[in-house]
2 protein chains.
Amino acid sequence: MLHEEVVGRIRAILLDGEIPPGARIPERELCERLEISRTPLREALKVLAAEGLVQLLPHRGSRAAKLTDKDMRDLFEVCQGLEALAGELACERITDAEIDAIAAAHADMVRHFHERDLIQYYRGNRAIHEAIVTAAGNPVLAGLYASVTARIRRARYVTPMTPQRWELAVKEHEAILNALQRRDGVGLAHILRAHLRHKREEVLQAGFAETEGSDVTLRIA
Amino acid sequence: MLHEEVVGRIRAILLDGEIPPGARIPERELCERLEISRTPLREALKVLAAEGLVQLLPHRGSRAAKLTDKDMRDLFEVCQGLEALAGELACERITDAEIDAIAAAHADMVRHFHERDLIQYYRGNRAIHEAIVTAAGNPVLAGLYASVTARIRRARYVTPMTPQRWELAVKEHEAILNALQRRDGVGLAHILRAHLRHKREEVLQAGFAETEGSDVTLRIA
DNA sequence: TTTTACATTTTTGAATGCAAAATTTGCGAT
DNA sequence: ATCGCAAATTTTGCATTCAAAAATGTAAAA
């Protein structure tokens, strides 16, 4: 198994929540499961720590990273900036074919909205945002976007949505598609920012904070 | 020596250009120099590869990453977005004391400009940009900014500058300070974007491309 | 003389082993 | 019964070792 594959599989385990935020990562068990020894596993954990998905505590092993409200806010803030940038760049570079593909994905998503199929809606939603980032034609940007969205994914695509919120989100997506078709970069950037700001409010209001009580024990001498 | 320290030291070696872009990274030598064994060294190299400073070629070792013109453009593009975002956030959150500190750093930098001390000028320049990012109060943003600037640092602070360019850069920095003092986030974002766009043009015109001919040999059967 | 096949050497990637550190366990004192 | 402390166990981090892959060198054939 290749190094990148090891990283990918552990990342998937973390994103699926199979190892919940804050939980210790059992080296021995993961080794057996992935059928590798500790050396490549530990290399992968260090990489994931650099990405922010894993927390390394010297001499105390590694844990799945836990996000505070502040972390979540910061991540959304950056995500807004990245998507806004991607939107602007995409408007300069996107091809007609790419726009058509996004329009199709949008139609699909709206259908899932009407069917009230949240899972499929989220899937389509994500595909659209990723397509915009891809259309920006900037692999560096795409990489950072992937790393930031990976960290907030659970929150972004798991939060329950009220019917009003959902409707607003769909309206915003109409505007997103419209701006893309008009290749209105500045407009698209604004809409994307607002869209993500609303999403962030949802997530934070839902109280997504992953800090369920510090497990640090204070010892007073 | 702690893991993070190993990563830091190798990063420094790469940023100093001690191992030039494209050059092979001699594992054995680095081990002796850092007085560590191959295991922690290789862990660090994997982390640096995830950061984009090192290229891992399966079964062929690691090389210091080489940047193409396209890479450089992409990095600057993202850097513009990150700094613009940082500028906007900084205007919302910066304290008077922080503004005063930046004003002082600015005055220093202008002095170095009049003294035609490019090294010190660059040092002050960098301190200002970093102070703005810090003032944004978003560690996630600061982390991404650090990673992106690390990759372009050699270009950004090594490119020779014409007197006109230099003068323009100083003027832009006046505007940056001014916008900060007025806490004009949108204005600051615009100035920072233009400032970096100019810097990018400089760097690309200087032909910084780090690709001195592919060393791939094509063999036709 | 050039090219190709093969053997040797070097280097990479991963498993194992070992010492240090932390956690857990067990026992005695209050 | 509970708290405190020390021994035992586990876990971590790194060095070493080992097998496989790639690079290098050599010699024979075209």
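This one's a predicted model, so the numbers in the text were calculated from it and none came from an experiment. Sequence lines set the chain letters: A, B, ... in the order given, protein chains first and strands last, and positions in each chain run from 1.
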Inset, instruction - Take A:Lys70 and A:Asp74 through the test salt bridge (Lys or Arg N to Asp or Glu O under 4.0 Å) and record every step on the way to the result. - result: CA-CA 6 Å; A:Lys70 174 69 159 70; A:Asp74 289 347; 2.7 Å; yes
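- Among residues two or more places apart in sequence or in another chain, the side chain to side chain contact (heavy atoms under 4.5 Å, CB included) test is passed with A:Ala146 by none.
- When all heavy atoms of A:Ala136 and A:Ala86 are compared, the pair lying nearest together is CB-O, 3.7 Å.
- Note: B:His195 and B:His129 have parallel aromatic rings, judged against thresholds of 30 and 60 degrees for the angle between ring planes.
- Of the residues in residues 37-51 of chain A, those placing a heavy atom less than 4.0 Å from an atom of DNA chain C are A:Ser37, A:Arg38, A:Thr39, A:Pro40, in numerical order.
- Applying the side chain to side chain contact (heavy atoms under 4.5 Å, CB included) criterion to A:Ala49, with sequence neighbours excluded, gives A:Val54, A:Leu56.
- A donor atom on one side chain and an acceptor atom on the other are not found under 3.5 Å apart for A:Gln55 and A:Arg60.
- Using a cut-off of 4.0 Å between Lys/Arg side-chain N and Asp/Glu carboxylate O, A:Lys199 and A:Glu202 are scored as salt-bridged.
- In this structure, the separation between CG on A:Leu30 and CD1 on A:Ile19 is 5.0 Å, given to the nearest 0.5 Å.
- Atom CZ of B:Arg9 and atom CE of B:Met1 lie 5.0 Å apart (nearest 0.5 Å).
- At whole-Å resolution of the value, CG in B:Leu30 and C1' in C:dT11 are 15 Å apart.
- Rounded to a whole Å, the CD atom of A:Glu27 is 13 Å from the P atom of C:dA15.
- In this structure, B:Ile25 atom CD1 and C:dT12 atom C1' are separated by 14 Å, rounded to whole Å.
- Contact footprint of chain A on DNA chain D: nucleotides with an atom under 4.0 Å from a non-hydrogen protein atom, first to last in 5' to 3' order, D:dT11 to D:dG13.
- Screening residues 12-22 of chain A for side chain to side chain donor-acceptor pair (under 3.5 Å) gives A:Glu18-A:Arg33 as the qualifying pairs, with residues at least two apart or on separate chains.
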Inset, instruction - Classify every nucleotide of nucleotides 19-25 of chain C by which part a protein heavy atom approaches to under 4.0 Å, writing B for the base, S for the sugar-phosphate alone and - for neither, in 5'-to-3' order. - result: --SSS--
